[in-house]
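Have a look at the structure below, then the notes.
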Amino acid sequence: MARKLNFFSSNNREKLIKEISSSFFDVLVIGGGITGAGICLDAASRGFKVCLVDMADFASGTSSKSTKLIHGGLRYLEQFNFKLVKETGTERAILHNLAPHIVKPEKMLLPITKEGKLGKFSTSLALKIYDYLAKVDNSDKKKMLSEKDTLNCEPLLRNKNITGGALYSEYRTDDSRLTIDILKKSYTYGALPINYLKFEKLLYKNEKIIGAICEDILSNKKINISSKTIINASGSWADEVLNEKKKKIVLSKGVHIVIPFKKLPLKQSIYFDALDNRMIFAIPRNKTIYIGTTDTFFDRKKDRLRVLKKEVKYLIDSANKFFSVKINNNDILSSWVGLRPLIREKNKQVTEISRKDEIFISKNGLITIAGGKLTGYRKMSERVVDLLCNKLFNLNKKCITKNIKLFDTSFDEYLTKGKKLNASHKDLIKIYNIYGSKGIQIFEIQNDYNSKIKNKRLLISELIYCLKNEMCHNLIDFFTQRNAMVYFEIERINSSVDFIKKPYMKFKNISNDEWKKELCDLKSYINKITNFI
Ligand SMILES: Cc1cc2nc3c(=O)[nH]c(=O)nc-3n(C[C@H](O)[C@H](O)[C@H](O)COP(=O)(O)OP(=O)(O)OC[C@H]3O[C@@H](n4cnc5c(N)ncnc54)[C@H](O)[C@@H]3O)c2cc1C
């Protein structure tokens, strides 16, 4: 749908809010994480008029804090959750087809040890079932490895305990980019997603929901949004939005740490035994490796969510025990921590609770979807929108998201266009791996800036692109959800803020004091993810 104004430009926020408050929607989605984004695209592509609100930045909740794997969840086989493994396993190839720039095949090594959780027979059987349920191509099916082959595959393994291993197929992704790409696609189908707009309460007429009151977090103004139906996809905040006595979800905290690649130079991603009979991942990304995750019950205030020293110690000690390396606290470059919204199950520890999703319909008509995984977002969204079609709107419209690609042009076309713009191959790949083929616009913008150093020009253009096209409102949005620099290239941030200052202030038309305030917020964010309590 062509629009006169680009509502994804941060400059057009006021007009977007005006448009939202004067419209009548079929569906209002609360929450701009992967679940809400998926619903927004599915509903818009079936012809519904959709609005989505997030109280903070898109994907700033759990959907930027995952292990960043599109996976069937091998460990769910232990819970005999074949349905979940089949669904998420099958989704992997579909999502790779829809977003090849950010959903990429990845071989995962699973070393088998004498005292480890999985033996050779159980690993082979589990992976066979996994491959079968996920309909993995013959060439990608698991390979069992001898002790020697496993050590050849990963020389850093401590060889004393290794008895063999397995190589199997997974996919890695960029969780927040996937969420933002889906939201941008939903906009082309007529949806109006907006960040920094907080749902506060429902609006009723004759006991029927007719919309919601929201607060614009950037201006503190209240706005009313009219909508026939409301979907609560607020993840870890689902119970707060529901506002019912009986809680539906329980939260599990998961931490990842990032270290320099040279401290643990793995040849591929590894799923290995942690200190306590759990399994964790070590995943190479650019010049870093990230290790995670923990899985512990969390019942504190969400704004107090921080990485604890003991969680860092657990991850470091696990890696030091499994690999011939000596990692210490000083090696940690960055970290992230997220909350899994899990469906409450009586008398179960969070580690035992299934990662399945569930839909609840409240008496007042509010539809809540909770639980699930990043990998299963498309099927979760399909179930919610099927419900809308069948039960509420009496419409016979089938889900089409399996065929909605999240890119504009092929990789080859992108490269050809980029070369014409005099972009280097290295820069083209770097930008493609974040923004996909839309990233070409960054090189178009780049030609407007005449900074002598190429890297500076590229980052300035990336920033302007995000301000203009991705509803990026501040420095934190840019360095976190837009390009994850605070996690994977944190060392570049200090020098970058100096040279982006001028173009940023100019684009946003802000004063020096406003700039200082933003910088202070960014520094405090960085302080949180690099210092542990
Ligand atoms: C450590 C960890 C590792 C994981 N690893 C993987 C993995 O590798 N693969 C995988 O498939 N899954 C993984 N998961 C699970 C996956 O990340 C989550 O299932 C998924 O991100 C949840 O998305 P969501 O949209 O439901 O929630 P969120 O991403 O948290 O989105 C909810 C949004 O609602 C907004 N919101 C809340 N209240 C309001 C309000 N009142 N008004 C407006 N907006 C509101 C929030 O700001 C937030 O952005 C992992 C989870 C964790 C914690």
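One-based numbering, in listed order, for ligands and for the atoms of each. The model shown is predicted, which means the values in this text are computed figures rather than measured ones.
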Is a side-chain donor-acceptor pair under 3.5 Å present for [Y] with [X]?
X	Y	answer
S362	E244	yes
S169	K107	yes
H71	K373	yes
N286	T288	no

Option nearest [atom] (shortest heavy-atom distance, choices [options]):
atom	options	answer
atom 37 (C) of ligand 1	G31, S234, G61	S234
atom 23 (O) of ligand 1	G38, S63, G33, G32	S63
atom 40 (C) of ligand 1	Y171, F199, F58	F199

Looking at [X], which atoms of ligand 1 are within less than 4.0 Å of one of its heavy atoms?
X	result
T375	9 (N), 10 (C), 11 (O)
L197	43 (C)
V53	43 (C), 44 (N)
T293	1 (C)
G338	53 (C)
G235	26 (O), 27 (O), 32 (C)
G254	1 (C)
H71	7 (C), 8 (O), 9 (N)

What part of [X], side chain, backbone, both or neither, has a heavy atom within less than 4.0 angstrom of ligand 1?
X	result
P341	neither
W237	side chain
D175	neither
V337	neither
K68	backbone

Ion pair R383/E87, N-O distance below 4.0 Å: yes
For this output row, return yes or no: ring centroids of Y465 and Y435 closer than 6.0 angstrom. yes
Taking the ring of F488 and the ring of W336, is the distance between their centroids below 6.0 Å? yes
Among T229, V27, D26, find the residue that satisfies the side-chain contact (heavy atoms from CB on, under 4.5 Å) test when tested with L392. T229
Protein contact of [atom] - nearest heavy atom, named by residue and atom, plus distance:
atom	result
atom 15 (C) of ligand 1	L374 N, 4.1 Å
atom 51 (C) of ligand 1	R340 CG, 3.6 Å
atom 14 (N) of ligand 1	S66 CB, 3.9 Å
atom 47 (O) of ligand 1	D54 OD1, 2.7 Å

Would you kindly check if the NZ (Lys) or CZ (Arg) of K49 is within the cone defined by 45 degrees around the ring axis of F24 and under 6.0 Å from the six-membered ring centre? no
K141 and D137: salt bridge (charged side-chain N to carboxylate O under 4.0 Å, His left out), yes or no, with the steps? CA-CA 6 Å; K141 283 199 168 130; D137 283 347; over 6 Å; no
Test salt bridge (charged side-chain N to carboxylate O under 4.0 Å, His left out) applied to E200 and K222, step by step: CA-CA 9 Å; E200 285 204 328; K222 305 274 178 210; 2.8 Å; yes
Audit row: F323, L266, side-chain contact (heavy atoms from CB on, under 4.5 Å) steps and yes/no: CA-CA 10 Å; F323 302 102; L266 296 176; 3.8 Å; yes
Can you tell me how the ring of F272 sits relative to the ring of F322, calling it parallel under 30°, perpendicular over 60° and tilted otherwise? tilted
At a 4.0 Å cut-off, with the gap strictly under it, does some heavy atom of E200 reach an atom of ligand 1? no
